[in-house]
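Below is one structure, written out as structure tokens; comments come after it.
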Amino acid sequence: MRRSLLAATVLVAACTQTPGTPPERGIGFLPPSLGAEMGISFGSNPVHTAVQSARAYYADAPARLGGNPALAAQVAAQYEYAAAELKELRFVGLSPLTTIRMDWGREELRDVLGVRRDAPTRPVVEGFVRAARALSEGNRPAAEAALSGPHFARPAPLILATLAQMPPVPKAGVAAAAAEADLNRPDSGRRIVP
């Protein structure tokens, strides 16, 4: 009886949430207008899309992202975003190991790409999204500007070179695969949706 009541409450809450709306809690991901302006979509369910994308591309980053720095920057932004958002209350049903693994993957990814480990999530996500957009338009100076500043530990040209020849990030790949499996568990209805 108690489970039925909880499931009904979650279903009602889920019906009131607008699909694709960035969460109001947490980092407050890029406003929809900025995402549209940059031409980069995170899908109708941004967290799930970000996790799926990271899982697919980081399973073999050199083969799937090598030679495509714009895509590599977008996937880096998606991973950063997902790692932060999965800690929010609406994902309370996730295994604690999922968020721990996502953090380990984020540390690995930040070390590989030259992002400071203590950098806040939002400016890192915005930097990679802006770099992805600039690179897709062939505007390297704008991409370098997007990846410059106190949150980045390496010079922007070096970060861009790394994105162009993306090395393996096995911890991030394993973490994203585990997060995707956890999000797709049959008992996922236990999660709170604000």
Side-chain angles (χ1 to χ4, degrees), residues 2-30 35 40-65 71-113 115 117-122 124-125 128-129 132 166-194:
R2 190 175 203 178
R3 285 186 183 181
S4 297
L5 183 57
L6 178 59
T9 303
V10 170
L11 284 174
V12 170
C15 291
T16 62
Q17 184 183 27
T18 305
T21 303
E24 294 177 9
R25 298 178 49 82
I27 62 168
F29 185 58
L30 300 176
I40 295 174
S41 171
F42 279 59
S44 62
N45 186 325
V47 176
H48 288 216
T49 300
V51 168
Q52 290 167 355
S53 178
R55 189 259 317 141
Y57 287 109
Y58 290 153
D60 186 2
R64 296 177 183 181
L65 296 172
L71 180 58
Q74 180 177 343
V75 176
Q78 289 175 311
Y79 190 98
E80 279 277 340
Y81 166 65
E85 286 299 309
L86 288 175
K87 294 177 182 176
E88 295 303 316
L89 285 178
R90 69 188 197 284
F91 295 107
V92 72
L94 289 179
S95 164
L97 287 176
T98 296
T99 55
I100 290 169
R101 285 182 181 135
M102 289 293 287
D103 282 344
W104 289 342
R106 178 165 52 180
E107 287 176 1
E108 174 189 54
L109 189 59
R110 285 183 172 204
D111 289 346
V112 164
L113 294 176
V115 177
R117 280 196 178 187
D118 61 350
T121 300
R122 184 181 175 106
V124 174
V125 171
F128 280 118
V129 170
M166 192 68 193
V169 281
K171 289 180 185 174
V174 168
E180 183 178 29
D182 202 2
L183 286 167
N184 291 327
R185 281 191 344 240
D187 62 346
S188 63
R190 292 188 304 139
R191 287 189 198 93
I192 295 172
V193 180

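Atoms considered below: every heavy atom in the structure, side chains included; atoms not considered: hydrogens, waters and symmetry mates. These numbers were taken from a predicted model, which means no experiment stands behind them.
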- Message: For a side chain to side chain contact (heavy atoms under 4.5 Å, CB included) check, start with the C-alpha distance between Val124 and Arg110, then their side-chain angles and the critical distance, and finish with the verdict.
- Response: CA-CA 10 Å; Val124 174; Arg110 285 183 172 204; 3.9 Å; yes
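- Contact between Ala178 and Thr98 at its shortest, heavy atoms only, is O-OG1, 4.4 Å.
- Within the structure, salt bridge (charged side-chain N to carboxylate O under 4.0 Å, His left out) contacts touching residues 166-177 (residues at least two apart or in different chains) do not occur.
- Listed here is the closest heavy atom pair of Ala59 and Arg64: CB-NH1, 3.6 Å.
- Inter-residue side-chain proximity for Tyr57 and Leu71 is flagged as met; some heavy-atom pair is nearer than 4.5 Å.
- For Ala176, the side chain to side chain contact (heavy atoms under 4.5 Å, CB included) partners two or more places apart in sequence, or in a different chain, are Ala54, Arg55, Tyr79.
- For the pair Arg101 and Ala175, the tightest heavy-atom approach, listed with the atom from each and the gap, is O-CB, 3.2 Å.
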- Task: Could you go through the side chain to side chain contact (heavy atoms under 4.5 Å, CB included) check for Tyr58 and Leu109 one step at a time?
- Result: CA-CA 10 Å; Tyr58 290 153; Leu109 189 59; 3.6 Å; yes
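- A distance of 12.5 Å separates CG of Leu94 from NZ of Lys87, quoted to the nearest 0.5 Å.
- Partner of Leu86 under the side-chain contact (heavy atoms from CB on, under 4.5 Å) criterion, out of Asp182, Asp103, Val47: Val47 alone.
- Of all heavy-atom pairs between Ala73 and Phe128, the closest is O-CB, 3.4 Å.
- Listed for the Thr99 side chain is a donor-acceptor partner under 3.5 Å among the backbone atoms of Pro96.
- When the options Glu85, Met102, Arg106, Arg122 are evaluated for a side-chain contact (heavy atoms from CB on, under 4.5 Å) with Glu80, the one that passes is Arg106.
- Across all their heavy atoms, Ala61 and Val169 have their closest contact at CB-CG2, 4.2 Å.
- Residue Val112 comes nearest to Pro167 through the heavy atom pair CG1-CG, 3.3 Å, listed as atom of the first residue, atom of the second, then distance.
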- Applying side chain to side chain contact (heavy atoms under 4.5 Å, CB included), run through Gln78 and Val75 and close with a yes or a no. CA-CA 5 Å; Gln78 289 175 311; Val75 176; 4.1 Å; yes
